[in-house]
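Mind having a look at this structure? Questions to follow.
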Amino acid sequence: MPAAPGSRDSASTDMIGSAATPESATILLGLVVEKVSGQSYESYVKQKLLAPAGITRMRLGRSLRSQAAPGEVPCYSQYTAKTVLDDSGTVVPSPYGGFNMLNHDANGGWLASAVDLVKWARIFDAAGPVLNATSITRAFAQPEIGVSADGSWYGAGWYVRQVTGHLNTWHSGSLPGSYTYMARLQRGFTYAAVFNRREETGTLDYDVLSSRMNTAWNGVTTWPTTDLFPKYF
């Protein structure tokens, strides 16, 4: 571990992908899942977590563009790196061989659309086939230490902040060639934004996304009642 337990907030600087815990610890958790379940990490998550939620398209990503899943958009970056997939020293675009995607499995290695992510976020709204009420409560529980100056804290995979009558929860993450932000807010508003480029020198500032989305949805007085999930699942 990069620090003694309890000595600093779990949202430390040693991070990558969509998990805010140190990357080695998150990957280790995936290996624990495999050891205990007797299945591959991907198979277990698909069978026990995604399928009960009605999510069927998510899968672990691959390192090369030639290995892209059907419908997977290309990832872009201004940066290059020597490939880590062999010893050739070949310089490649950072998203495609600059890191080994499969090594990141439990540490932000999933391919998902914005609709998939919103569908996943809804399992935290109420007890159901994936999470019971106790598990949801534990996921968002305020820790004894680690509450930030703005009143937020890091729970089990979510940043959390208490607002009037609700716990707002959110998370962001990126790898070379991708950036994602997902939030669950008061009045039942949940959204996910997925980009095929991470914030880099000279690119747009993704940090403004949250505040601008908050301004937009707070200005809506009437929402449509049509359920569009059946169009995608």
Side-chain angles (χ1 to χ4, degrees), residues 2 11-31 33-34 40-46 50 55-121 157-159 170-183 191-213 232:
S12 66
T13 56
D14 182 20
M15 65 176 76
I16 196 164
S18 64
T21 51
E23 62 180 72
S24 57
T26 312
I27 294 169
L28 179 60
L29 286 175
L31 295 174
V33 169
E34 292 187 335
S40 71
Y41 164 76
E42 183 176 23
S43 294
Y44 181 86
V45 171
K46 285 182 174 181
L50 299 181
I55 301 170
T56 60
R57 296 174 299 182
M58 286 179 59
R59 53 159 281 187
L60 291 181
R62 302 296 187 268
S63 298
L64 300 176
R65 178 59 184 158
S66 60
Q67 300 169 322
E72 180 183 345
V73 300
C75 296
Y76 296 100
S77 173
Q78 62 184 293
Y79 302 121
T80 58
K82 289 185 178 180
T83 181
V84 302
L85 303 178
D86 56 43
D87 297 325
S88 66
T90 302
V91 176
V92 297
S94 289
Y96 295 114
F99 67 102
N100 191 327
M101 186 67 167
L102 284 178
N103 284 351
H104 284 270
D105 52 17
N107 182 59
W110 287 90
L111 297 179
S113 68
V115 179
D116 290 326
L117 293 174
V118 170
K119 182 80 167 176
W120 170 252
W158 293 93
Y159 286 99
W170 69 96
H171 213 302
S172 64
S174 71
L175 286 168
S178 66
Y179 175 86
T180 298
Y181 185 88
M182 180 166 59
Y191 72 91
V194 181
F195 300 87
N196 58 341
R197 184 171 187 169
R198 81 188 322 180
E199 187 175 325
E200 298 176 343
T201 301
T203 64
L204 296 176
D205 179 10
Y206 291 150
D207 290 339
V208 305
L209 177 64
S210 174
S211 61
R212 292 185 179 180
M213 284 295 294
Y232 298 96

Reported CD1-to-CG distance for the pair Ile55 and Leu50, which is rounded to 0.5 angstrom: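 Separation between the atoms: 5.5 Å.
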Polar side chain donor-acceptor pair, Thr201 to Tyr79, under 3.5 angstrom: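 Present: a donor and an acceptor within the cut-off.
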Side chain to side chain contact (heavy atoms under 4.5 Å, CB included) evaluation trace for Thr90 with Lys82: CA-CA 5 Å; Thr90 302; Lys82 289 185 178 180; over 6 Å; no
Leu31 CG: over 12 foreign heavy atoms closer than 6.0 Å: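 Count over threshold, so yes.
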Side chain to side chain, Trp110 and Leu60, heavy atoms closer than 4.5 Å: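 Yes - at least one pair of side-chain heavy atoms lies under 4.5 Å apart.
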Tyr44 atom OH: more than 12 heavy-atom contacts under 6.0 Å: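 No, OH of Tyr44 has 12 or fewer neighbouring heavy atoms, counting only those of other groups under 6.0 Å.
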Arg212 side, atom CZ; Asp207 side, atom CG - distance, nearest 0.5 Å: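 If we round to the nearest 0.5 Å, Arg212:CZ and Asp207:CG are 11.0 Å apart.
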Backbone of Ser40 reached by a side-chain donor or acceptor of Glu34 within 3.5 Å: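 Not confirmed, Glu34 side chain does not pair with Ser40 backbone.
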Sidechain-backbone polar pair: Ser63 side chain, Met101 backbone, donor-acceptor under 3.5 Å: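 Yes, because the side chain of Ser63 sits within donor-acceptor range (under 3.5 Å) of the backbone of Met101.
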Interatomic distance, Tyr76 atom OH to Ser94 atom OG [nearest 0.5 angstrom]: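 With rounding to 0.5 Å, OH (Tyr76) is 15.0 Å from OG (Ser94).
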Test item: Ser211 side-chain N/O and Val208 main-chain N/O as donor-acceptor pair under 3.5 Å: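 Such a contact is found between Ser211 side chain and Val208 backbone.
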Any side-chain heavy-atom pair of Leu175 and His104 under 4.5 Å: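 The answer is yes, as the side chains (C-beta and beyond) meet within the 4.5 Å cut-off.
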Ala69 backbone acceptor or donor facing Glu72 side chain under 3.5 Å: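 Looks like yes, one N/O pair under 3.5 Å.
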Glu200 and Ser77 side chains, donor-acceptor separation under 3.5 Å: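 Yes - a donor-acceptor pair under 3.5 Å links their side chains.
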Donor-acceptor contact below 3.5 Å, side chain Glu199 vs main chain Asp205: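 Such a contact is absent between Glu199 side chain and Asp205 backbone.
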Validation row: Tyr96, Cys75 side chains within 4.5 angstrom (heavy atoms):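 Yes, at least one pair of side-chain atoms sits under 4.5 Å.
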Distance in Å, Leu209 CG paired with Ser172 OG, rounded so as to fall on 0.5 Å steps: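 With rounding to 0.5 Å, CG (Leu209) is 9.5 Å from OG (Ser172).
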Donor-acceptor contact present, side-chain Arg59 to main-chain Arg57, <3.5 Å: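 No: the side chain of Arg59 does not pair with the backbone of Arg57.
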Separation between OH of Tyr191 and CG of Leu117, rounded to the nearest 0.5 Å: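 The OH atom of Tyr191 sits 12.5 Å away from the CG atom of Leu117.
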Donor-acceptor contact present, side-chain Asn196 to main-chain Pro74, <3.5 Å: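 Pair found, side chain donor or acceptor close to backbone of Pro74.
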Distance, nearest 0.5 Å, that separates CD1 of Ile27 from OH of Tyr41: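 Here the rounded value is 10.5 Å.
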Any donor-acceptor pair under 3.5 Å from Asp116 side chain to Ser113 backbone: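 Side chain of Asp116 to backbone of Ser113: a pair is present.
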Geometric class of the His171/Tyr159 ring pair [parallel <30°, tilted 30-60°, perpendicular >60°]: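 Because their plane-to-plane angle lies in the 30° to 60° range, the rings of Tyr159 and His171 count as tilted.
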Minimum side-chain heavy-atom gap Asn100-Leu85 below 4.5 Å: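 A side-chain contact under 4.5 Å exists here.
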Between Tyr206 and Tyr181, ring centroids under 6.0 Å: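 No, too far apart.
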